[in-house]
Amino acid sequence: MLDHVVNAYREAILDTDRDAALRAVHNGLQEGLSAEDIVFRVVIPTIEVMLQSVSEGLGASLGQHFMTAQISAEVVEEMVPKFETATNPVGHVVLGTSHGDFHGLGKRIVGGYLKAQMIAVTDLGLNVPARRFVDAAVEAGAQVIGISSMMVHTARGEQGCLKVRAILRERGLEQKIKVIVGGAPYRFDENLYLLVGADAWAENAMAAGKVVTELIREVNGQ
Amino acid sequence: MNGMERLVAAIGGQPADRIPVFCNLLDQGARELGLPLREYYSKGEHVAEAQLRMREKYGYDNLWCLFYVGKEAELLGCRKMIFAPDGPPNVGEMILHKREDIERLEVPQDITGHPAFQETLACLRMLRREAGGKYPICAYLTSSMTLPSLLMGMEKWMEMLLCGPPALRDELLAKCHTFFVRETQAYRDAGADVLLYANPFGSTDFVPMKFFLDHSLPWIEKDIQAAGAQGMVYYCGSARMNSVIGRILERTGIGAYYLSPLEEIAEGKRILGERALCCGVINDIKMIDWSRDQVAAEVKRMIDVGKPGGRFLFGTLVMPCGIPEENIRAMLEAAYRYGSLESDGLEC
């Protein structure tokens with residue numbers, strides 16, 4: 001029965017068919033799967049399989065990432081309250097676009113994927129000042145700050161990630177809060193994340209989930 | 001030879017002194033005139049003067065009448081642009097928030113008479129007077145399927161495009177199509193020669209192939225059929241297009257394709273063959289940090305792949321302001337040197 005649900009869900013995700021995906025998980029519940037099964041044996045493995053295929057060069061379009069993230073987050077949000085025992089989030093991420101950047105699509109996709117992987121997300125929105133990233137991360141007890149930039153000058157600018165890094169250093173928070181960056185300029189220069197003082201970057205939103213999980217483990221393991 | 005002659009030779013596979021070189025310097029014009037960006041973009045004469053000066057200084061082959069991409073949103077009612085000191089302006093006000101906004105959206109009958117187009121016209125007049133017929137004047141036109149992202153934001157548009165409601169989505173697409181056709185006519189009438197058809201949603205980096213075939217391609221066909229393919233260049237921003245250019249060429253007759261820097265130039269050339277101009281585009285984001293030698297080596301690599309067989313143009317994306325002057329010069333010197341056709345007698 002599980003295989004049947006997994007296959008129906010995966011097919012719907014690949015077709016970016018939200019209704020069919022929701023139908024697959026609801027049928028699964030009716031047929032006896034638990035909410036935990038849906039999240040940990042259907043939704044998260046589907047993201048992992050897609051990530052594997054992307055890393056093998058069978059790329060996914062921005063539209064597929066967008067829909068997969070939205071559908072996955074929606075399903076997890078619906079399932080978590082139905083868990084038999086309360087489950088704590090894996091970690092906490094504060095997300096926003098860099099100072100001067102008004103492009104929110106990438107951030108929204110990343111946020112969806114993270115929520116689908118049981119990571120709590122605080123979305124600070126667009127054009128976020130560096131200090132606000134740090135203050136929000138401290139307030140939420142977040143292990144990771146995620147900064148999205150669509151434009152070269154907002155990725156490299158002094159008010160963006162560079163300033164977040166400077167504030168973290170100034171407050172002695174560099175071991176407690178890690179910084180991940182993403183967005184178009186980083187795809188065109190794979191070493192740019194080092195230049196702006198980030199700890200990591202991800203080529204796409206799906207990969208961001210994996211990198212963020214590793215950063216959370218790194219912080220929690222200290 | 002001048003830039004127009006080189007471009008015409010490249011399109012037709014005719015002999016020339018070198019391949020055409022398009023260098024897209026926009027915000028750098030403000031620096032050239034010593035003006036802040038907001039002031040620079042307030043006058044068409046500023047943009048035209050800087051475009052002419054920069055082309056003269058560096059010797060490349062094209063001129064731009066584009067101020068910034070958000071201009072099109074201004075023509076449809078946006079009244080707020082956000083200017084940064086070190087990068088292109090952003091649309092500061094989305095004009096579509098709800099269903100009624102889409103229903104109420106009016107496409108100007110006469111783009112040429114629109115107040116927001118007057119400075120563009122002033123720019124075009126000056127460019128035409130000083131360089132018309134000698135150097136191709138480029139205009140930027142956003143496709144029907146991409147324009148809504150300037151009016152409602154990329155997030156909301158992606159959601160409406162993929163999830164509907166279909167009738168409202170199609171109503172917006174139809175209005176954007178009407179705008180595209182009228183805008184194209186306005187630019188042609190004012191003297192633009194090269195019309196960059198900007199359509200990231202016509203790339204399978206943006207939408208799945210099935211969606212491209214079912215939705216993107218029919219709207220591309222509709223746009224180009226109504227506006228005409230003359231002077232059109234297919235462009236997906238920095239997104240890749242090799243997976244679709246064969247179909248687009250067959251269905252629309254667009255004669256030039258401005259590839260992504262992430263694309264295999266050889267593959268683009270193989271698909272287009274002698275049917276269209278292939279434009280190889282350098283990764284100009286890396287040019288901010290590369291050495292002069294690295295820049296020259298990359299230009300050589302690209303031209304070595306693109307030049308054989310002709311019908312090749314070397315180009316840039318929108319060059320970031322942070323690229324050092326010496327790297328701009330290194331890129332252009334290498335493009336002129338390795339793109340030369342005189343010594344090897346090749347057709348352009």
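Excluded from the calculations below are hydrogen atoms, water molecules and symmetry mates; all remaining heavy atoms, backbone and side chain alike, are included. Within every chain, numbering begins at 1; the chains are lettered A, B, ... in the order of the sequence lines, protein sequences first and strands thereafter.
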Thr204(B) to Ser61(A) - nearest heavy-atom pair and separation
O-CB, 3.3 Å

CZ (Arg247(B)) with more than 12 external heavy atoms under 6.0 Å:
no

Got a salt bridge between Asp205(B) and Arg187(A), using NZ or NE/NH1/NH2 to carboxylate O under 4.0 Å?
no

Give a yes or no on whether Glu77(A) atom CD has more than 12 heavy-atom contacts from other residues, nucleotides or ligands under 6.0 Å away.
no

CE (Met154(B)) and CZ (Phe102(A)) are apart, to the nearest 0.5 Å, by 16.0 Å

Spatial distance of atom CD1 (Ile285(B)) from atom CG (Leu192(A)) [nearest 0.5 Å]:
8.0 Å

Is Glu158(A) atom CD crowded by more than 12 heavy atoms from other residues, nucleotides or ligands, each under 6.0 Å away?
no

For Pro208(B) versus Gln64(A), what's the shortest heavy-atom pair and its separation?
CG-CG, 3.6 Å

Quick check on Ile82(B) against chain A: is it the side chain, the backbone, both or neither that has a heavy atom closer than 4.5 Å?
side chain

State, with a plain yes or no, whether a side-chain heavy atom of Lys286(B) is found less than 4.5 Å away from one of Glu190(A).
yes

Let me confirm one number: the CD-NE2 distance from Glu155(B) to His103(A), rounded to the nearest 0.5 Å.
11.0 Å

What I want to find out is whether Arg18(A) reaches Glu159(B) closely enough, with some N-O distance under 4.0 Å, to be called a salt bridge.
no

Find the one option among Asn90(B), Asp284(B), Val91(B) whose heavy-atom pairs under 4.5 Å with chain A are most numerous.
Asn90(B)

Measure Pro200(B) against the heavy atoms of chain A and call it side chain, backbone, both or neither at under 4.5 Å.
neither

When only pairs under 4.5 Å are counted, which of Ala84(B), Ser238(B), Cys163(B), Gly322(B) shares the most heavy-atom pairs with chain A?
Ser238(B)

Mind checking whether Pro320(B) and Arg156(A) have side chains closer than 4.5 Å, heavy atoms only?
no

Considering only heavy atoms from C-beta outward, does the side chain of Asp15(A) approach that of Lys210(B) to under 4.5 Å?
no

Turns out that what part of Leu14(A) lies under 4.5 Å from chain B's heavy atoms comes down to neither

Check whether Phe188(A) gets within reach of chain B through its side chain, its backbone, both or neither, counting any heavy atom under 4.5 Å.
both

Glu214(A) atom CD, neighbour heavy-atom count above 12 within 6.0 Å
yes

Side chain from CB out, backbone as N, CA, C, O: work out which of these in Asp289(B) comes under 4.5 Å of a heavy atom of chain A, or both, or neither.
side chain

Honestly, the part of Asn283(B) sitting under 4.5 Å from a heavy atom of chain A is side chain

Would you find more than 12 non-hydrogen atoms of other residues, nucleotides or ligands less than 6.0 Å from Glu11(A) atom CD?
no

Kindly check if the number of other-residue, nucleotide or ligand heavy atoms within 6.0 Å of CZ (Arg240(B)) is above 12?
no

Close side-chain approach of Leu62(A) to Val207(B), heavy-atom, < 4.5 Å
no

What distance do Trp157(B) atom CH2 and Leu105(A) atom CG have between them, rounded to the nearest 0.5 Å?
13.5 Å

